[in-house]
Amino acid sequence: MAKHFFIRRDYSDIAPFLDSISAQADSERDALGFLPQPAYAEAARQRKLILLVVQDGDETSYAGHLLFGGIFPILRVRQIAVAPHYRRHQHASTLLRTLVAQGEHEGYLNIVANVATDLTGANSFYEKHGFISSRLKAGGKTRNRKINVRIFQLDTPSLISYMVDFKVVNNVEMLPRKRSPEIPIYAIDLNVFFDAVKDRARSQDAIAVFEAAFKHQIRIAASHELFAELKRKSNDPTNDPILSLAKTIPTLPVQDKSKIEGLKLHIGSLVFPERSAAGNLKPTDESDIAHLAHAVAAGVSGYITSDAKVLAARDRLMKNFSLDVIGLSEFVHLLDLPNEAAPAASKSTKSFRIQAPTIEEVTTFLKREGVSLEGHINVSRCRRSAVFDNQGLVGVSLLDPAPALERPTHSVVCVHQEHPFSSTIADFLISEQVQHCSTRGACSLLLMDISSQPITRRIALGQGFQQAHGQSGLFKVALGGPITNTTWSNARLVIERLSGMTVQEKCPRYDKPEVTVLINNTPKTMGLFELETLLSPALLALPQRKAVVAPITPAFAADLLGTDAQYTFLDVPEAQFLSRRTYFNTVRAARAMIRGSVIAFYESSRGGKGRGAIVALGRIVDVTSIPANNAPELLQRGGVVVDIEALTKSDRILATTFDNLVILNKPVSFKKLRELGCVSGANFVSATPITAKQLASIVDAGFSDD
């Protein structure tokens, strides 16, 4: 009788084979390393274990397995094993293809595999399947091995990739499932906090998470529900050291109560379906649901927990809310992913110098990085820019501008991936290219997609570039300015001419933030937030969009926004290297600062030095309340405030991350703002909400030809 092989993913199907999985892995410790048997059970519960079984008549037995992990947008292969008598039949390839399919379906960008250089068979296997060697790193001290870090780029479905090539595979989801992971925030639940402050089984893992946050390698935050629950359980809230310690954790912004209540009903049915349907939720269930609801409403990248019920609902939460639920132990295991290079201790590496490099300098640098430009761009005929530090050239930008309707502007950005600030350098070079091309109007770019540049690629995707289907490049349309109700018709025509994508004729509204597009005669629906990212720099100042006017001093405006024309290109602060920047304000402004809304920067006229006008617009992407004396370095680098504590008398401060910065052609004066009805009694001393209609009027005034 013929043998049949099947893939199994559910814990109930995998549990009977856990002994076989552990035994097979233990028999190959030299290649796979050692994991205690409970680790396989935990991975199976989290759906991080793919099992291959063989059925021979009535008997079903183990044939192979793949153990993986990952923090969005990177998946990581931890083990691939096949039973000896089933090898050489492509079963390992089947397991790997299963993971690739999952990664592409869920919108992941890469798969990483760390393979010891002495494992020639394993290296050959990954090489055959397209895993490019990115770099070598030191292994453990016991064996003194070298580890080959191999990266596979997933063919993640995207929207604009189908605009430039109409040979589309049917029934493929076209929109990215998550927003940009450039500055990911991970929410923690109460169990993780207790693991850190009490002597429990997972204490070391929890402490490792907090240490990484204190070192600013990651960003963590907690919901107000966490503090409320601690306060309820406290015997003396005014003198409780655990409660005081919890208050040092950054907090997610307060969310609309009705929105939270609506989310709680949906989340309860996903995580505790039986008890929720019967109306028998326990107090701990309701607390878990509240934590998750706040995390979803705040748009966090991931949710760290040890709760088995919540972890078991990961797929459902991902499908419904794009919330990646991550087990505590796995998160700790993956903190050293190579795509997130930690900043160096020395601040001297921030002394970047930007200048036009010689052809010889570019050629030498590209050769050292193993990059060939053949068929994409001619170095001698393109616009060249480079970033240098004290050690020399660390990143180059090459641009071959073309008329917008003729062809996309071809570009190259190559950055030394091992540089401690490679993300910052790539961010600057890419955004500078986009800004340069879109200064005079909308444009399209085709950025060379270099397989050995995963950090550069990640930054480009975060700025709205999309995989160009069938081409070795990343494609983007950049509008370079805002769109209002009156300019919607012209904008949609520009988008169609540059991309081939037809956008709905009727101007959308932000109370229903979706838009219908037509690709290859097939209608698709996408969010306005995602459309704005794809077209960035752009701002959709459309009906019903929330907006706020935020005050900023002339000095901070010059540093943070780059609105002072007298600034030289060589002495700008690091914040101007970043497409996402940080605006610090008092926590009293929290209710006015809403994720997804437009922020209009009003340069004050104190002392007669400021212009007393709105000078720039941006899009709020994250809002968090943080301790004023311990701001995460990622936020500090995006801001320009040296002494954050001097901004407030409170022990906390509000950090607002914004992108899509658009400088107004003409500052909109206080007098004009008064005419538009934007001025309240506070005269922009504090954050002031304005209506969508007022925002559109500011845009019209700031970009009019009068």
Side-chain angles (χ1 to χ4, degrees), residues 132-139 146-149 151 182 215-217 336-373 377 379-380 382-399 411-433 436 447-448 450-460 462-463 559 562 567-581 633-634 636-640 642:
I132 304 298
S133 177
S134 172
R135 66 186 177 102
L136 293 177
K137 71 173 185 178
K146 289 290 184 181
I147 304 299
N148 197 356
V149 180
I151 296 178
E182 169 62 14
K215 294 176 183 177
H216 311 307
Q217 296 172 344
D336 63 344
L337 278 177
N339 71 304
E340 293 290 349
S346 172
K347 301 296 183 183
S348 63
T349 54
K350 293 186 179 181
S351 301
F352 299 132
R353 186 173 79 258
I354 308 103
Q355 66 185 50
T358 65
I359 294 176
E360 289 73 23
E361 286 175 323
V362 171
T363 303
T364 301
F365 177 75
L366 293 175
K367 184 176 181 180
R368 189 170 73 235
E369 295 296 317
V371 175
S372 171
L373 303 181
I377 206 167
V379 177
S380 63
C382 66
R383 176 182 181 268
R384 301 186 300 276
S385 181
V387 175
F388 296 78
D389 69 1
N390 295 331
Q391 303 301 314
L393 197 157
V394 292
V396 299
S397 161
L398 307 175
L399 202 64
S411 69
V412 174
V413 171
C414 180
V415 175
H416 181 51
Q417 302 292 281
E418 300 301 316
H419 193 280
F421 290 94
S422 56
S423 292
T424 300
I425 298 166
D427 196 5
F428 167 73
L429 291 175
I430 293 171
S431 60
E432 194 271 339
Q433 282 190 347
H436 176 80
L447 176 68
M448 185 176 179
I450 305 171
S451 60
S452 60
Q453 296 265 307
I455 294 173
T456 306
R457 187 177 196 268
R458 175 173 57 86
I459 295 297
Q463 292 194 27
D559 286 347
Y567 254 81
T568 70
F569 202 43
L570 294 179
D571 56 14
V572 296
E574 188 187 355
Q576 290 191 34
F577 279 62
L578 301 171
S579 59
R580 288 191 169 185
R581 307 176 190 183
E633 185 174 342
L634 282 170
Q636 290 191 65
R637 288 171 57 199
V640 293
V642 177

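The model shown is predicted, which means the values in this text are computed figures rather than measured ones.
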Minimum heavy-atom separation for G395 to L429, with atom names? C-CD1, 3.8 Å
Min side-chain heavy-atom separation [X]-[Y] under 4.5 Å:
X    : Y    : value
V396 : R384 : no
V379 : V362 : yes
T456 : I450 : no
F388 : E361 : yes
L393 : P357 : yes
S411 : L398 : no

So, taking the atom named [atom1] in [X] and the one named [atom2] in [Y], what distance separates them when rounded to the nearest 0.5 Å?
X    : Y    : atom1 : atom2 : value
E369 : T364 : CD    : OG1   : 12.0 Å
D427 : S579 : CG    : OG    : 3.5 Å
C414 : L373 : SG    : CG    : 8.5 Å
R580 : Q463 : CZ    : CD    : 9.5 Å

Verify, without hydrogens or angle tests, whether [X] (side chain) and [Y] (backbone) share a donor-acceptor contact under 3.5 angstrom.
X    : Y    : value
S431 : F428 : yes
Q433 : I430 : no
Q355 : V387 : no
Q453 : V415 : yes

State which residues pass salt bridge (charged side-chain N to carboxylate O under 4.0 Å, His left out) with R383; sequence neighbours excluded, sorted by chain then number. E432
Show, in sequence, the C-alpha distance, side-chain angles and deciding distance for H436 and L399, and conclude whether the side-chain contact (heavy atoms from CB on, under 4.5 Å) test is met. CA-CA 10 Å; H436 176 80; L399 202 64; 3.6 Å; yes
